[in-house]
**Student:** 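Structure in structure tokens, see below.
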Amino acid sequence: MIDFTRPRLGKEELDAVADVFDSGWVGYGPRSGAFEAEFAEHLGVPPEQVLFLNSATAGTFLAFELLGLGEGDEVVMPAISFNSGPNATLSCGARPVFCEVDPWTLNPAAADVEQAITPRTKAVLVLHYGGHPGHIAEIAELCARRGLALVEDASCAVASRAAGRAAGTFGDMAVWSFDTMKTLVTGDGGMLRVRDPELARRARRLSYHGLAQPADGFTPPPWKTWAFEQREIARRLLGNDLTAAIGSVQLRRLPEFVARRKELAARYDERLRDLDGVRLPPPVPAGHESSHYLYWVKVHRDVRDDVARRLHEAGIPASYRYGPLHRVEVYGVDCRLPKSDAAADETLCLPLHQGLDDQDVDRVASCLRDIIGS
Ligand SMILES: *Cc1c(COP(=O)(O)O)cnc(C)c1O
């Protein structure tokens, strides 16, 4: 059985974890700070902007809290998004408004986002489908022009770049996920980036019980470690030094991971190029770099589920990401989004991870060829 996704973790990560054991401190501490600094350097932003959390979802909830979203506010996001977006929106009393995506790229154009904006819109949340940056620069420009906050869900886009800038640096805030299915893995874990320095300081407080932090100028003398200043009411959302140590190693290996994924995606392209009834993913536009997080093909909606079933029977897991969220009843949104429906009903993601062999790709491709041909 081929894995749909599988992290690449080895001796280097184990050694890093052993060092944390030896250090006598496994909670959020020096290794977390080091991982934040390394990740900030990877993005090309100041380290103060970056905060290591226990998940991207925690970061999304925190981002919306920092933006002060509440009753009467709306957040625009593509219907092809992960559930954490509307969950975070509704949890703070605001309303998600879903916009269309291009049914081939599964990313929204700036015009798709703009169509969903109303006088109540306060923020826009977008991801970079499959690792392709999409129209992120145009969407950032739109948000700036309309006075809206932009939050990037860069969970697919840990190594993606557009016009010389890292995905996740276009918005006012961004989150990354390092969960077990991602390109860079820490077990559970996520990063939050906050551009505004005051909000970034507040993010640190809100991620640790609302207590004043060194960044707030609060550093009690070492002989009085019990001193605290409760500034506001909050939860605990931080990552820890065990997962951070894994993250540091994975970040060093990231270029190798992405290069391998790029090779495998090109091999799928080559093996499936002339197959009628299967549309390959769009090429990465000039000036963009993708993390190659997903490899997705389009097949006719009448056969998509059956193709997935027959691949599964052949020991090949195919899947689909994300949503469609406008059809999720508990979100209470009633709208017609035919392009998003097409995206959700015609897309199939094939196995793609840095641990796949060339032969695995060949097997998936030839199996898909047999199924489509019959
Ligand atoms: C994985 C993923 C998330 C959730 O990440 P967690 O770290 O598990 O909270 C959010 N958005 C997207 C696009 C994802 O792929």
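Residue numbers count from 1 along this sequence. As the structure lists them, so they are numbered: ligands from 1, and atoms in each ligand from 1. Computed from heavy atoms alone, side chains included, the values below leave out hydrogens, waters and symmetry copies.
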**Student:** How close does the nearest protein non-hydrogen atom get to atom 8 (O) of ligand 1, and which residue and atom is it?
**Tutor:** Asp179 OD2, 3.0 Å

**Student:** Without hydrogens or angle criteria, can the side chains of Arg204 and Gln213 be said to hold a donor-acceptor pair below 3.5 Å?
**Tutor:** no

**Student:** Identify the closest protein heavy atom to atom 15 (O) of ligand 1: which residue and atom is it, and at what distance?
**Tutor:** Tyr322 OH, 2.7 Å

**Student:** Which of the numbered atoms in ligand 1 are below 4.0 angstrom from a heavy atom of Ser155?
**Tutor:** 2 (C), 3 (C), 10 (C), 11 (N), 12 (C), 13 (C), 14 (C), 15 (O)

**Student:** Any salt bridge linking Asp362 with Arg267? Criterion: basic side-chain nitrogen under 4.0 Å from a carboxylate oxygen.
**Tutor:** yes

**Student:** CG of Asp357: more than 12 outside heavy atoms within 6.0 angstrom?
**Tutor:** yes

**Student:** Quick check on Phe21: does its CZ atom have over 12 non-hydrogen neighbours (other residues, nucleotides or ligands) under 6.0 Å away?
**Tutor:** no

**Student:** Taking only heavy atoms of Gly189 into account, list the atoms of ligand 1 that are under 4.0 Å away from them.
**Tutor:** 7 (O)

**Student:** Relative to Tyr208, does Arg236 satisfy both conditions: NZ or CZ under 6.0 angstrom from the six-membered ring centre, and within 45 degrees of the ring's axis?
**Tutor:** no

**Student:** Quick one: look up the protein heavy atom nearest atom 11 (N) of ligand 1 and list residue, atom name and how far away it is.
**Tutor:** Asp153 OD2, 2.6 Å

**Student:** Examine Ser177 against ligand 1 and note whether any of their N/O atoms are separated by less than 3.5 Å.
**Tutor:** yes

**Student:** Within a distance under 4.0 Å of any heavy atom of Ser84, pick out the atoms of ligand 1 and give their elements.
**Tutor:** 10 (C)

**Student:** Do the charged groups of Arg252 and Glu38 touch, with an N to O distance under 4.0 Å?
**Tutor:** no

**Student:** Salt bridge check, Glu100 against Arg336: does any charged N sit closer than 4.0 Å to a carboxylate O?
**Tutor:** no

**Student:** Can you report which non-hydrogen protein atom sits closest to atom 9 (O) of ligand 1, along with the distance?
**Tutor:** Thr57 OG1, 2.5 Å

**Student:** Looking only at protein heavy atoms, which one is nearest to atom 3 (C) of ligand 1, and what is the separation?
**Tutor:** Phe82 CD2, 3.6 Å

**Student:** Indicate, with yes or no, if Val185 and Trp176 share a hydrophobic cluster defined by side-chain heavy-atom contacts under 4.5 Å among Ile, Leu, Val, Met, Phe, Trp and Tyr.
**Tutor:** no

**Student:** Can you find a non-hydrogen atom of Ser81 under 4.0 Å from ligand 1?
**Tutor:** no

**Student:** Does Gly190 have a heavy atom less than 4.0 Å from any atom of ligand 1?
**Tutor:** no

**Student:** May I ask you to check if ligand 1 and Tyr293 share an N or O to N or O distance below 3.5 Å?
**Tutor:** no

**Student:** Looking only at heavy atoms, is any part of Ser55 under 4.0 Å from ligand 1, and if so is it the side chain, the backbone, or both, or is it neither?
**Tutor:** both

**Student:** Tell me whether Asp241 is salt-bridged to Arg31, with the criterion being a basic N under 4.0 Å from an acidic carboxylate O.
**Tutor:** no

**Student:** For the 3.5 Å polar cut-off, considering only N or O atoms, please tell me whether Ala56 and ligand 1 meet it.
**Tutor:** yes

**Student:** Less than 4.0 Å is my threshold; does some heavy atom of Lys182 fall inside it relative to ligand 1?
**Tutor:** yes

**Student:** Between Glu74 (side chain) and Arg120 (backbone), is there a donor-acceptor pair under 3.5 Å?
**Tutor:** no

